[in-house]
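Since the structure comes first, as structure tokens, the remarks are kept for the end.
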Protein chains: 2
Amino acid sequence: MHDVAARAGVSHQTVSRVLNDFAGIRPETRERVLAAIRELGYRRNMAARALATGRSEVIGVIMPEVPHFGPTSTLYAIEHAAKKAGFKPLITTASWDPESMGQALDFLLGRSVDALVVMAQHPDVLAAVEATTDVPVLSVLTGSPRGTRAVAVDQIAGTRLALDHLYSLGHRRFQHITGIAGLTEAQLRRDTFLAFLDEHGLEHLPILEGDWSADAGYRAGLAVDEGVTALFCANDPMAMGAIHALEERGLRVPADVSVVGFDDVPEAAYAHPGLTTVHQDFTEVGLRAVAMLMDAISGREPAEVSPVEPWLVERQSTGPVRA
Amino acid sequence: MHDVAARAGVSHQTVSRVLNDFAGIRPETRERVLAAIRELGYRRNMAARALATGRSEVIGVIMPEVPHFGPTSTLYAIEHAAKKAGFKPLITTASWDPESMGQALDFLLGRSVDALVVMAQHPDVLAAVEATTDVPVLSVLTGSPRGTRAVAVDQIAGTRLALDHLYSLGHRRFQHITGIAGLTEAQLRRDTFLAFLDEHGLEHLPILEGDWSADAGYRAGLAVDEGVTALFCANDPMAMGAIHALEERGLRVPADVSVVGFDDVPEAAYAHPGLTTVHQDFTEVGLRAVAMLMDAISGREPAEVSPVEPWLVERQSTGPVRA
DNA sequence: ACCCGTCATGTTGACGGTAACATGGCGGAG
DNA sequence: CTCCGCCATGTTACCGTCAACATGACGGGT
């Protein structure tokens, strides 16, 4: 910056002012400075800037350690939305145990990130994070805002869309393949499933424990009970795995068993049969998340949070229960 | 840090030495400093550290703008490998036009990243990037090392695995659905496909242009020529879309048409029929990429590059050509 | 007893910006 | 004509850390 100033015949402070779009710079001076910057290929050092201002234009993102569709899509959505605001994500992964989370936090906060996005797959983490720092913290993918700053797709509504759809097709024997036990979204889908059964006085068959993977879905599909006609899977890959297993067992989808997934991954439309699923709009999640963070960073009170509404996509994997 | 020093009754420099694991600190002093750090919840400011040292322990990653399986998997692999070395990825997306790439570079280099990973989907970008900076630059997902620092799965070998497999099953009428035109990997798969046809004296049917998406695969599947028995798709989602389309047209897979994908996404095993595909080991790509960067950052001459070898996963979507 | 090297630690000055305050020139009002 | 105030720009200090050099205590060789 010193060199630029010398070349333009001004002080380094004037260069700084030009760079920061300060008012009250003579156009001619600004031109000279800009020319010098161009000629020298100067790029301002954000470390110094961050040191002086305490802001970094970086958003820390704590992701789960496994690249599933939801977190990944959300990350991309956040990246795109943040980019427009001049921010970039600094990514780190962490599981939800305190040590891993602590390391992630140390790293990100040490870099003076301006805000934090936590893909809070576990209910406890958010409070822990908020206690550690005073930068704005936003939780994403929790399934329910719960008072704190959060953006999420409404998991309860999504689950009910799936189950109501199956119920209205006449199904009465339901089974559920869960996501990873303990993760917020998996828990919400499971709880809602159980509540739904009770509300309609339906029989509780064993819960099939999954882990989001197509492999787990396949194994669970092999274990689906006789007589089940409606299978609600906590995500699409597990649904695909389960359908594969059911067909290996000679059960046809949807003639014998109707299957619903969750997420609406791009391949769902071309699964065989086309997968009925609950669409989650992660792009919208990313947009709202960044909007809230920008508000928080600039000290504005963030607008009211409302969960992102999912919708049901009906395809060929569900049909009326056999007469 | 000043406060820590005061509390421990030492100078700030001693604190710095403890933090940086300097030799020649009396154990008792070190203990006192560490205690003070703990009590004050002190965290060292990386902006200042970066300013003073010129290093940031951050690796800049330039990703393509669309979250496809390959780049995403590689990102996760890099994140995990880099974490072990104490580095984290700073992500930005860019298309391959010079302006977008320039902005991404300005951002990352301004943050004094210690190294750069470019998911160089286009052959020109790497040279452009390298000309801009003197931090180590590594290109990933190019398909071919081409002399510069690069880590990639061998696309030519992978494509040949797929085509040899089909050929050995007796297929002689091939068609290909491409990835996004111009991207390195798509181009390499396409070029290799065309070369393969020529080597075996096979007829050139129209190339079906895709864009990696299952949707494009579906549309291309509708356009597959009559009499084609072997369809090579540039990735798995397109293969799934294409199979869906073929079956809608009354063509059975693999009885009428054998289909091979590329990537081996987790769902491929549970597609219907199970998708024969070329497995790419992105974890290995990430590991090698980080290993090379760590070498380059610490000034060691990086070890010899060798492309990561893909392998063929045979499932049910391919079979012998009908008699 | 003296000198000198070594070890543990302290002191000072960058690193590259920004913020707050200081300065000088210029135009308009009295 | 003089004074004041504002506008454009310059000066100085500081952000938190590391690197280089400075210091002082201690101990061993002569």
So which heavy atom on Ala150(A) is nearest to which on Leu138(A), and how close?
N-CD1, 3.8 Å
For every nucleotide of nucleotides 15-28 of chain D, 5' to 3': is a protein heavy atom under 4.0 Å from its base (B), only from its sugar-phosphate (S), or from neither (-)?
BBBBBB--------
Touch class at under 4.0 angstrom, heavy-atom based, for Ser11(A) against every strand present
base
Would you say Leu116(B) and Ile59(B) make side-chain contact, with heavy atoms under 4.5 Å?
no
Would you list the protein and nucleotides 4-7 of chain C atom pairs, both N or O, that sit under 3.5 Å from each other?
none

Distance test, side-chain N/O of Thr14(A) to OP1/OP2 of dG10(D), below 4.0 Å:
yes
CE/Met63(B) to CD1/Ile91(B) distance, rounded to the nearest 0.5 angstrom?
6.0 Å
Taking only residues two or more places apart in sequence, or in another chain, which ones meet Ala77(B) in a side chain to side chain contact (heavy atoms under 4.5 Å, CB included)?
none
Within 45° of the axis and under 6.0 Å from the centre of the six-membered ring of Phe107(A), does NZ or CZ of Arg111(A) qualify?
yes
Between the side chains of Arg44(B) and Asp106(A), is the shortest nitrogen-to-carboxylate-oxygen separation below 4.0 Å, so that they form an ion pair?
no
Please answer whether the main-chain N or O of Glu57(B) pairs with a side-chain N or O of Asp114(B) as donor and acceptor at a distance below 3.5 Å.
yes
Who are the side chain to side chain donor-acceptor pair (under 3.5 Å) partners of Glu99(A), not counting sequence neighbours?
Gln103(A)
Test ring-ring contact (aromatic ring centres under 6.0 Å, His included) applied to Phe87(B) - qualifying residues, sequence neighbours left out:
none
For dA8(C), does either OP1 or OP2 sit under 4.0 Å from a side-chain N or O belonging to Thr29(B)?
no
Mind calculating the distance between CZ (Arg32(B)) and P (dA8(C)) to the nearest angstrom?
14 Å
Students should find that the end-to-end axis angle of the helix from dA1(C)-dT30(D) to dG30(C)-dC1(D), with five pairs defining each axis and rounding to 10 degrees, is 60°
Residues Thr133(A) and Val135(A): closest non-hydrogen pair is OG1-N, 3.0 Å
